[in-house]
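Heads up: the structure comes next, in structure tokens.
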2 protein chains.
Amino acid sequence: MRRVTIDEVAERAGVSVATVSRAVRGLPNVSPATRKRVLQAAGELKYRPDPNASRLAAGKSGVVIMAVPTISSWYTAQAMAGVEAVLQGAGIELSVTLLSDSSSRDRVVSEPGLLASRADALVLLDLVPTTFEPDSRFPVVVVGDHSDAFDSVSIDNVHGGRIAGEHLVGLGHSRVGLIAGAEEDKFTAVTMLRTRGLEEALAGVGVSLEENAVVFGHYSGLGGYEAMNELLARPNPPTAVFALSDDMALGAIRAATEAGMSIPHDVSIVGFDDHELSFVLGLTTVAQDPAGLGAAGAQMLLDRLEGHSGAPREAHGEVRLIERSSTARI
Amino acid sequence: MRRVTIDEVAERAGVSVATVSRAVRGLPNVSPATRKRVLQAAGELKYRPDPNASRLAAGKSGVVIMAVPTISSWYTAQAMAGVEAVLQGAGIELSVTLLSDSSSRDRVVSEPGLLASRADALVLLDLVPTTFEPDSRFPVVVVGDHSDAFDSVSIDNVHGGRIAGEHLVGLGHSRVGLIAGAEEDKFTAVTMLRTRGLEEALAGVGVSLEENAVVFGHYSGLGGYEAMNELLARPNPPTAVFALSDDMALGAIRAATEAGMSIPHDVSIVGFDDHELSFVLGLTTVAQDPAGLGAAGAQMLLDRLEGHSGAPREAHGEVRLIERSSTARI
DNA sequence: GTGAAAGCGCTAACAG
DNA sequence: CTGTTAGCGCTTTCAC
């Protein structure tokens, strides 16, 4: 597997390395005959340009890094798939970096430039840089959250929370519980925004979200299960529960069922995400499309890489309520 | 963000570039005082080595590529997380390549060397190379499947299928249905092996898996849902169903419930994976740990990268049956 | 349309 | 312990 170099191809084709370089990259200024000869030689030798050499010489890396807070969630996987799809189409490599602990997140958030040495551009999932100044030579896009300084693509989380709340309110519920994400959610405003949306909906009918009707489920199924158990143990349990992710909602359903309640008869549950199992399990939920967000973000990056400059752009993904069988009139 | 080069750091620290190179990489043969001075200068200048230059000069890329058949499944996400964790610990980048269509899979499977130009090593998820010859200079590890030619780490799928089958048989079931993966599963033997395990268990009590008790669910929740509906529409529906993934099992549960059946009373269901929601939803399943597989595979790669040579090694992950509430005596 | 030559920024002997 | 000196393989002016 010794590397076949451009020199060998040049020699075999009887041309200079410069010509080989042009020919294999499809650049102009190569006669059809020469190009054919070069391509043939390259093929016979199984020549593959060394990406590192190319990038070094060309002054760019051909790699974009995607930094994610966690890798094994439905949301992350979807977003990655979306990013990967458009990047692959552009011949760019996707490198994934996990920022699992908050110290590594802090580091990237305050100094995204650290990653600049490893790639041409950066996509941040649910993370927004604080002190970093935009630099036209190092495009950064924020997916899943909003940023004033960088390109970003996100959903309207307040609206998402609101439609969930309105749905519940519309069904006559006034005592609604909230299963929020993680308490130490410092870098994403998601929990906060969705909560605000819910509160707005409740306020519309003169109800407020009680302090002790909020529990945290850490965006996991198990977390949602435990959170629901807590909720049900309260003196005056809610008649409806809004979980900020489908995983948590499903856990909540389980808890309610085990407690002998039937859904939606005894308690209504709304989730957020619309991941595949939600359909299958009949969960009413606020649907979003993280793969679409990722794809849109990657596209913005590509534009920047192609020289597009200008003010930070902002795109928004859709959210909509999908009514299934986990909610009902009280 | 013009690149700060090693020369500038060298000049500022009053040493040669070679010394800077050693110092920043933590190599020996640099006096503490000098190292300190260099690091300081580097810090002030915000120097970051150009990865492409480093890789080119060093003759290696510091990148390993992981090729996956799909990116947005629980299994893949878990495996990626495992790989990423150990690679990150070794300062190696993880680049992900999606091989979504079978032609791209074909290409990689028959010529993994194509990816060799982009990385130091390759981890293949559920894909095993056919014609490619191992090359000590380009380590390849297969995760999730077995290979004679390469290092591999997998689970005993036959055993997994067997314990699921034995569990069902032990509960008195003899008419069991199978929800298998995708029909066009050419490159992974997973479906085949688990099926064989089930058949062995059934054979133990003189029963055989009937042809028309097998349907395909494409490893998705929706697929499992539809597959279960098919199964239930048959003349003599099974009293127990083994789904080759939890996603499909959960879909199957939904289908059965909708059909007015209660689980496990009317029909028992066993899944495979033990992903988080399975616990939450009380699914009896064959547990496996793809993150562990990924981590083990990455470790093997690291060993190879450090010069370990020798025959292909083979590691196995555990599988075990977790009994919950979706199965019962007939 | 094609070639010669000068690097891209860094690492790795080899001296000292 | 530190500096010198070749390249790594490719791209890119600038001549021809």
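What you see is a predicted model, and the numbers here were worked out from it, not measured in a lab. So you know, we letter chains A, B, ... as the sequences are listed, proteins then strands, and number each from 1. Just so it is clear, the values below take in all heavy atoms, side chains as well, and ignore hydrogens, waters and symmetry mates.
- Phosphate contact (OP1/OP2 of D:dT2, side-chain N/O of B:Thr34, threshold under 4.0 Å): present.
- A:Glu11 CD: 12 or fewer foreign heavy atoms inside a 6.0 Å radius.
- Taking each heavy atom of B:Ser147 and B:Val128 in turn, the nearest pair found is CB-CG2, 4.4 Å.
- B:Asn29 has its CG atom 13 Å from the P atom of C:dA12, to the nearest Å.
- For A:Ser16 and C:dG3, the shortest distance from a side-chain N or O to OP1 or OP2 is below 4.0 Å.
- One interatomic measurement links the two molecules: NZ of B:Lys36 to P of D:dC1, which rounds to 18 Å at whole-angstrom precision.
- Nearest approach of A:Ala311 to A:Asp151, heavy atoms of both residues: O-OD1, 4.3 Å.
- Among B:Val68, B:Thr70, B:Asp126, the single residue meeting the side chain to side chain contact (heavy atoms under 4.5 Å, CB included) criterion with B:Tyr75 is B:Asp126.
- Taking every side-chain heavy atom of A:Leu56 into account, D:dG9 is the closest of C:dG1, D:dG9, D:dT4.
- Nearest to the side-chain atoms of B:Ser54 among the listed nucleotides C:dA12, C:dC10, C:dC8 stands C:dC10.
- Straight-line distance from the CG atom of A:Asp50 to the C1' atom of C:dC10: 14 Å, rounded to whole Å.
- In this entry the distance linking CD of A:Glu11 with P of C:dG3 reads 13 Å, nearest Å.
- As judged by a 4.0 angstrom heavy-atom cut-off over every strand, A:Val20 is placed among residues making no nucleic acid contact.
- Distances from the side chain of B:Ala57 to the nucleotides D:dC10, C:dA5, C:dT11 place C:dT11 closest.
- Taking side-chain N and O atoms only, A:Ser31 has a distance below 4.0 Å to OP1 or OP2 of C:dT2.
- Regarding contacts with the backbone of D:dT11, a side-chain N or O of A:Ser21 is found under 4.0 angstrom from either OP1 or OP2.
- Closest to the side chain of B:Thr5, out of C:dA5, D:dC10, C:dG9, is C:dG9.
- Here the nucleotide nearest the side chain of B:Ala18, chosen from D:dC10, C:dT11, C:dA12, is C:dA12.
- Between the side chains of A:Asp145 and A:Ser154, no donor N or O sits under 3.5 Å from an acceptor N or O.
- Taking atom CZ of residue A:Arg35 and atom P of nucleotide C:dG1, one finds them 10 Å apart after rounding to whole Å.
- Distances shorter than 4.0 Å separate some side-chain N or O of B:Thr19 from OP1 or OP2 on D:dG3.
- Nearest to the side-chain atoms of A:Arg25 among the listed nucleotides D:dT11, C:dC10, C:dA13 stands D:dT11.
- Following rounding to the nearest Å, A:Asn52 (CG) and C:dC8 (C1') show an atom-to-atom distance of 12 Å.
- Remark: P of D:dC8 and CD1 of A:Ile6 are 14 Å apart, rounded to the nearest angstrom.
- When rounded to the nearest whole Å, the span between CZ of A:Arg22 and C1' of D:dT12 equals 8 Å.
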